[in-house]
Colleague: 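Take this structure first; my questions come after.
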Amino acid sequence: RPRITQGKFINSPARFKAYKGMAGAAKTSTIVAADILRAFLQPGYKGFIARFNYNDLMGKAAQRAEEMILRVSPTAIVQRDKTPPMRWWIQAFDGSVNELMFIGLKDYPGGYEWHHGCVDEADECDLRTIQGLRSRLRAPSPPGVSPDYGLSIAFNPPDETHWLYEACTGMKHDGKRADGGKWLELFEPSEGENDENLPPNYYVDNFAGMPEDMLARLKHGKWGANFTGDPVYPQFSARLHLVDNIAFDDSLPLIRFWDFGYRRPACIFVQMDEEYRIRVVAEILGENE
């Protein structure tokens with residue numbers, strides 16, 4: 001049976017919705033289930049299940065979709081085309097046959113039209129790709145059928161500077177209103193909600209020794225820091241290595257670092273103490289200059 005937040009997500013009438021959570025929160029299962037239900041219930045349905053990399057999609061979300069469909073009926077998939085992008089034709093409850101496509105988003109999937117779709121690990125995608133998918137939600141429906149257009153996405157929490165934070169909260173990381181406002185309805189499962197479907201001691205055995213920024217995202221489902229490239233050092237801990245409200249020390253030299261930017265120049269004021277710690281004491285950011 002669905003978990004509490006899973007049920008709320010699947011039954012929500014929101015056209016664009018997001019499932020954000022820690023590792024093991026059944027995010028993939030949730031959005032795949034939402035798409036499969038439409039394939040069973042909506043006459044003439046055309047949907048898709050996507051991820052940035054097609055091979056990664058085949059390794060997880062596609063397998064989960066097949067498990068779920070066959071659990072309903074071992075004969076529900078009446079035809080398959082395994083040539084990428086893979087397609088299934090599914091026997092709906094009213095006797096009609098609907099289409100489900102599996103697509104990788106690394107190469108933009110132009111030329112297709114759908115009613116609804118889901119994107120797994122959406123934090124791997126840029127905003128342009130997701131907006132392009134939204135423009136493809138225009139597939140025609142049979143006469144008398146009200147089409148259910150929409151997009152469901154799932155992701156592990158990225159940094160607050162990521163486009164997903166702005167789309168889900170309507171705010172930028174600096175507290176200012178996001179240009180596009182909030183357009184994704186956000187659903188967040190609580191800690192422990194899906195534990196009965198995980199191996200015993202899953203978080204204890206697999207998350208021991210993990211850096212705190214990763215624990216915040218992957219164990220507690222918090223917005224956090226995604227470091228691109230290699231971190232300065234893998235033992236980084238926000239609690240240990242970052243301190244707020246650092247005061248100016250007039251006994252230390254003051255160094256200014258400039259980024260002239262394109263529209264938003266920046267200057268940060270930095271000091272280094274006798275223990276070689278970097279003390280960022282102030283910053284100035286331009287706006288649309």
Colleague: Measuring from Gln6:CD to Ser29:OG, what's the distance to the nearest 0.5 Å?
Modeller: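 Interatomic distance, Gln6 CD to Ser29 OG, rounded to 0.5 Å: 6.5 Å.
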Colleague: Are more than 12 heavy atoms from other residues, nucleotides or ligands located less than 6.0 Å from atom NZ of Lys17?
Modeller: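 Counting neighbours around NZ of Lys17, more than 12 heavy atoms of other residues, nucleotides or ligands fall under 6.0 Å, so yes.
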Colleague: Going by ring-ring contact (aromatic ring centres under 6.0 Å, His included), Phe102 matches just one of Trp88, Phe48, Tyr112, Tyr54. Which one?
Modeller: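 For Phe102, the ring-ring contact (aromatic ring centres under 6.0 Å, His included) test succeeds with only one of Trp88, Phe48, Tyr112, Tyr54, which is Trp88.
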Colleague: Do you know which two heavy atoms are closest between Leu218 and Tyr203, and how far apart they sit?
Modeller: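 For Leu218 and Tyr203, the tightest heavy-atom pair comes out as O-CE2, 4.3 Å.
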Colleague: Could you go through Glu121 and Lys60, starting from their C-alpha distance and side-chain angles, then the distance that decides it, and tell me whether this counts as salt bridge (Lys or Arg N to Asp or Glu O under 4.0 Å)?
Modeller: CA-CA 11 Å; Glu121 308 292 352; Lys60 182 180 179 183; 3.8 Å; yes
Colleague: Test your reading of the model: is there a side-chain donor-acceptor pair from Gln131 to the backbone of Arg128, 3.5 Å cut-off?
Modeller: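 Looks like no, no N/O pair under 3.5 Å.
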Colleague: About how many Å separate CZ of Arg279 and CD of Glu275, when rounded to the nearest 0.5 Å?
Modeller: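 These two atoms lie 10.0 Å from each other.
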Colleague: Could you list the residues that satisfy side chain to side chain contact (heavy atoms under 4.5 Å, CB included) with Ile255, not counting sequence neighbours?
Modeller: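 Applying side chain to side chain contact (heavy atoms under 4.5 Å, CB included) to Ile255 gives Phe257.
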Colleague: Any chance CZ of Arg138 has more than 12 other-residue heavy atoms, nucleotides or ligands included, within less than 6.0 Å?
Modeller: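 Yes, CZ of Arg138 has more than 12 neighbouring heavy atoms, counting only those of other groups under 6.0 Å.
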Colleague: Heavy atoms, side chains only, cut-off 4.5 Å: are Ser12 and Phe9 in contact?
Modeller: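 Answer no - side chains too far apart.
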Colleague: Go through Phe93 and Phe40 one step at a time and tell me if the ring pair (Phe, Tyr, Trp, His ring centres under 6.0 Å) criterion holds.
Modeller: CA-CA 6 Å; Phe93 293 153; Phe40 279 127; 4.8 Å; yes
Colleague: Glu193 vs Thr5, test: side-chain hydrogen bond (donor to acceptor under 3.5 Å, both in side chains). Steps then yes/no.
Modeller: CA-CA 8 Å; Glu193 191 171 321; Thr5 311; 2.9 Å; yes
Colleague: Report the relative orientation of the aromatic rings in Phe260 and Trp258; use parallel for angles under 30°, tilted for 30 to 60°, perpendicular for over 60°.
Modeller: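 Geometry flag for Trp258 against Phe260: parallel rings.
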Colleague: Give a yes or no on this: more than 12 heavy atoms of other residues, nucleotides or ligands lie within 6.0 Å of atom NZ of Lys182.
Modeller: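 Atom NZ in Lys182 is crowded, with more than 12 foreign heavy atoms closer than 6.0 Å.
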Colleague: Side chains of Ile130 and Leu151: closer than 4.5 Å at any heavy-atom pair?
Modeller: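 Ile130 reaches Leu151 side chain to side chain.
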Colleague: Could you state the interatomic distance from OG1 (Thr30) to CZ (Arg64), rounded to the nearest 0.5 Å?
Modeller: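 One gets 9.5 Å once the value is rounded to the nearest 0.5 Å.
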Colleague: With a 6.0 Å cut-off (strictly less than), is the heavy-atom count around NZ of Lys8, excluding the residue itself, greater than 12?
Modeller: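 No, NZ of Lys8 has 12 or fewer neighbouring heavy atoms, counting only those of other groups under 6.0 Å.
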Colleague: Donor-acceptor pairs under 3.5 Å, side chain of residues 244-252 to any protein atom, not counting sequence neighbours: which ones?
Modeller:
| from | atom 1 | to | atom 2 | distance (Å) |
| --- | --- | --- | --- | --- |
| Asp249 | OD1 | Ser251 | N | 2.9 |
| Asp249 | OD1 | Ser251 | OG | 2.6 |
| Asp249 | OD2 | Ser251 | OG | 3.4 |

Colleague: Parallel, tilted or perpendicular, judged at 30° and 60°: which one describes the rings of His115 and Tyr45?
Modeller: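 It falls in the parallel class, under 30°.
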